[in-house]
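Below is one structure, written out as structure tokens, with a few remarks after it.
Every chain is numbered from 1 and lettered A, B, ... according to where its sequence line falls, protein lines coming before strand lines.
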Amino acid sequence: MKELVVETDGLTKRYGERLAVDRVSMTVERGEVYGFLGPNGAGKTTTLRMMLGLIRPTAGSASVLGRPAGRPEVTARIGALIEGPGFYPYLNGRDNLRTMARYQGLPNAEVDRVLEMVDLADRAKDAFKGYSLGMKQRLGVACAMLGSPDLLVLDEPTNGLDPAGMADMRALVVALAEAGQTVILSSHILAEVQEICDRVGVINQGRLLRESTVAELRGAATLRIRATPEDTALAVLMRMAGDEGVRRVGNESLEVDLPASAAPEVVRQLVSRSVDVHQVTVAERSLEDAFFEMTGTTSTEQELVS
Amino acid sequence: MTAFLNSTRAELLRLRRWSAIWVIIGAGQALTLSFGYVFNYVAYKTGDDNFAEDGATSAQLLAELMPSAIPDVIISGLPMFGGALAMVVGALVAGNGFGWGTWKTVFTQGPSRVAAVGGSLAAVTVLVFAMMSATLVLCTGVSVAIAATEGQTIAMPVLSDLAASFGAGFLVLEMWALLGFLVGVLAKGPALAVGLGLVWSLVVENLLRGVGGLLSGVESVTDALPGTAGGSLAGAIVGGPNGTPGVLDAISGERALLTVAAYVLVAGGAALVVMRRRDLA
């Protein structure tokens with residue numbers, strides 16, 4: 001039994017008529033990078049705010065590190081960057097962090113440590129208001145890491161970053177995870193979650209649709225085959241994978257629910273029935289496909305980037 | 001207690017590096033210098049009648065510039081501009097935290113909300129004390145310089161008078177600062193808080209007091225308002241209205257002191273209660 005860092009039970013937040021978060025029950029285990037995935041407005045940030053005690057749930061409860069969320073002794077052990085970095089614009093980066101370090105009763109040396117970690121030490125003397133969006137986000141992450149918290153909550157940390165900034169941020173999270181840091185990372189970017197998260201909670205319209213590992217969510221790999229004549233190919237493949245295991249994709253490709261290791265046997269069978277095999281590829285289902293399947297939407301309807 | 005002290009230290013660090021705070025404190029000093037000394041001294045030297053000192057004799061003017069008059073000078077300006085400036089400080093300290101998202105960041109650092117907001121209130125109190133101390137130092141320096149220049153003997157005020165004036169002035173500023181803090185918390189931003197606060201303290205109360213002269217029902221309300229209380233407390237120190245706008249004798253000094261102290265406690269307490277319960281979305 002793994003130690004649970006976060007456990008929510010029927011967490012609900014209602015604003016007037018609108019249910020922002022609807023009975024979310026999720027768990028985060030120690031040492032994992034938990035991806036909190038959903039389109040903009042799905043309820044990710046609201047859920048995280050309740051976890052940090054910034055807002056009160058309408059119903060349900062959240063417990064963090066074994067205690068009710070929002071207690072000062074719990075909040076002291078969480079580092080968070082929620083919905084963009086909130087700092088004093090007139091102070092420089094270092095003084096902003098020193099202010100927050102004083103709130104925690106930490107020495108100034110701790111500020112220098114986290115500034116190094118996010119690669120901001122040489123710009124620490126510049127005023128926060130002059131920072132680029134990427135630098136502001138990095139300062140926010142540095143602030144979250146003050147005092148080496150047990151749990152790091154990063155709400156869309158790559159929002160507004162350029163591709164290089166995104167890559168740096170991901171590398172930082174991966175490095176933290178390798179050091180055993182428990183991280184909750186919310187994102188609407190599926191590729192990001194797929195790349196760095198161990199487990200994923202998918203949320204849409206306030207509801208937690210599914211919680212599982214990335215691999216489980218994506219499901220097994222499939223084979224894509226282009227072969228003529230198609231009728232014969234279809235018959236052969238259906239015999240191997242079952243009637244439900246074969247789908248037509250696009251104009252002339254067939255998708256078969258068989259693992260990559262079955263490719264030689266599939267080709268052998270097709271050839272033995274005089275079918276011309278033009279192309280065989282192993283197609284891995286992306287998280288995006290899984291996500292759209294779950295939410296029942298298409299990418300044009302959702303603000304999702306793969 | 002540790003969390004409260006940590007929060008106070010943190011808040012003081014970020015406030016003393018905030019140029020807006022120094023501009024406001026500087027403006028307060030400049031106004032005290034102008035209305036307390038410069039205009040009166042120019043009037044004394046040129047023999048013209050000063051606008052605020054209609055018909056005052058030369059000797060009276062000079063007496064008001066001497067070190068012995070420091071207790072009157074440091075408090076006379078507080079009901080008008082001192083209070084307004086303190087209110088702006090309070091509104092800026094509390095209100096900006098919402099737009100900048102810094103309350104959110106602070107509340108995820110560990111100290112309880114009561115400790116964090118209490119630390120902010122304590123830091124504002126330290127600022128108010130610094131404002132008052134700066135005024136005292138300025139007035140002492142300027143009045144001693146004038147006395148020396150004019151060849152007068154330098155007679156310092158009685159310490160108890162000075163302490164009473166300093167304490168009363170501190171309370172009046174603290175009241176306005178914490179009211180500004182509370183309005184900043186309620187308005188969730190500095191702009192509305194500063195605007196409404198200034199219109200209230202500079203315009204509305206004066207208008208109400210004008211109406212109160214005609215209707216006794218209104219008067220009982222205006223007697224309980226912060227401007228009346230602060231002005232009357234200053235009036236009690238200087239010995240009645242001395243021609244400075246805002247210095248009043250509407251209520252007794254004792255009642256004024258109690259009213260001001262009550263506003264300090266209620267404003268600070270209300271800010272704590274509101275922030276403790278509030279959703280920071």
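- Between A:Gln104 and B:Asn6 the shortest side-chain heavy-atom distance does not fall below 4.5 Å.
- At a threshold of 4.5 Å between non-hydrogen side-chain atoms, the residues B:Glu11 and A:Tyr103 count as touching.
- Between B:Asp279 and the choices A:Lys13, A:Arg14, A:Arg49, the salt bridge (charged side-chain N to carboxylate O under 4.0 Å, His left out) rule is met once, by A:Lys13.
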Q: Could you walk me through whether A:Arg102 and B:Ser7 pass the side chain to side chain contact (heavy atoms under 4.5 Å, CB included) test, one step at a time?
A: CA-CA 7 Å; A:Arg102 293 214 172 156; B:Ser7 304; over 6 Å; no
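- Applying a 4.5 Å heavy-atom cutoff, the residues of residues 112-122 of chain B that approach chain A are B:Ser112, B:Arg113, B:Ala116.
- The side-chain heavy atoms of A:Thr99 and B:Arg14, taken from C-beta on, include a pair separated by under 4.5 Å.
- For the pair A:Phe87 and B:Thr105, the tightest heavy-atom approach, listed with the atom from each and the gap, is CE2-CG2, 4.5 Å.
- Between A:Tyr90 and B:Trp18, the ring planes lie parallel to each other; the angle is under 30°, not in the 30° to 60° tilted range.
- In this structure, B:Lys104 contributes its side chain and A:Ile82 its backbone to a donor-acceptor pair below 3.5 Å.
- Only the side chain of A:Tyr15 comes within contact range of chain B, with at least one heavy atom under 4.5 Å from a heavy atom of that chain.
- Looking at A:Leu91, the atoms closer than 4.5 Å to chain B (heavy atoms on both sides) all sit in the side chain, from C-beta outward.
- A pairwise comparison of heavy atoms in B:Arg276 and A:Arg56 identifies O-NH2, 3.5 Å as the closest pair.
- For A:Thr182, there are no side-chain hydrogen bond (donor to acceptor under 3.5 Å, both in side chains) partners two or more places apart in sequence or in a different chain.
- Considering only heavy-atom pairs separated by less than 4.5 Å from chain A, the leading option among B:Thr102, B:Asn96, B:Thr108 is B:Thr102.
- For A:Arg71, no part lies near chain B; criterion is any non-hydrogen pair under 4.5 Å.
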